[in-house]
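Some notes on the structure that comes next.
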Amino acid sequence: RTPGFDGWQQEHWLYHCGDATAFLGRVGYRELEQIPDALNTLLDDDDQTEAFVRSLDVDGDATAYLFRCLACGTHLAYADCA
């Protein structure tokens with residue numbers, strides 16, 4: 001029952017605790033500041049700089065996609081841009 005979503009590039013679903021997570025929606029840096037576990041998944045990604053993560057905007061050309069683990073409640077995110 002989790003909806004699909006359209007990303008800028010190739011969408012991918014995140015997994016945690018051995019199962020697919022629930023997609024919660026698009027978020028920017030401002031929203032991610034309130035969800036530290038999701039923000040840390042982006043900052044820990046070697047392919048992304050802190051400056052890029054800070055540039056994420058819910059309505060911008062660079063955005064993040066927020067997910068939540070259905071088993072443990074951990075939030076995860078990945079970033080994408082046009």
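Atoms considered below: every heavy atom in the structure, side chains included; atoms not considered: hydrogens, waters and symmetry mates.
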For Gly28, does its backbone N or O pair with a side-chain atom of Glu31 as donor and acceptor, under 3.5 Å? yes
Atom pair CG/OG1 of Leu43 and Thr49 - distance to nearest 0.5 Å: 9.5 Å
Go through the structure and list residues passing side-chain hydrogen bond (donor to acceptor under 3.5 Å, both in side chains) with Asp45, not counting sequence neighbours. Gln48
Measure across Arg68 and Gly73 and return the closest heavy-atom pair with its distance rounded to 0.1 Å. CG-O, 3.6 Å
Taken to the nearest 0.5 Å, the spacing of Tyr78 OH from Thr63 OG1 works out to 10.0 Å
What distance separates Tyr29 OH from Asp57 CG, expressed to the nearest 0.5 Å? 13.5 Å
Contact between Leu24 and His75 at the side-chain level, heavy atoms closer than 4.5 Å - yes or no? yes
Considering non-hydrogen atoms only, spot the tightest contact between Ala20 and Leu70 and give its length. O-CD1, 4.3 Å
Side-chain heavy atoms nearer than 4.5 Å, only ILVMFWY residues, links allowed to pass through others: does that put Leu32 and Val58 together? no
Say you draw a straight line from CG of Leu66 to CZ of Arg26; how long is it, rounded to the nearest 0.5 Å? 12.5 Å
Would you call Thr41 and Leu14 a side-chain contact if the rule is heavy atoms closer than 4.5 Å? no
Parallel under 30°, tilted from 30 to 60°, perpendicular over 60°: which one fits the rings of Trp13 and Phe67? perpendicular
Taking atom SG of Cys69 and atom CG of Asp19, what is their separation to the nearest 0.5 Å? 7.5 Å
Please report the interatomic distance CG(Leu39) to CG(Leu76), rounded to the nearest 0.5 Å. 12.5 Å
Listed by chain and number, what are the side-chain hydrogen bond (donor to acceptor under 3.5 Å, both in side chains) partners of Glu50, not counting sequence neighbours? Arg54
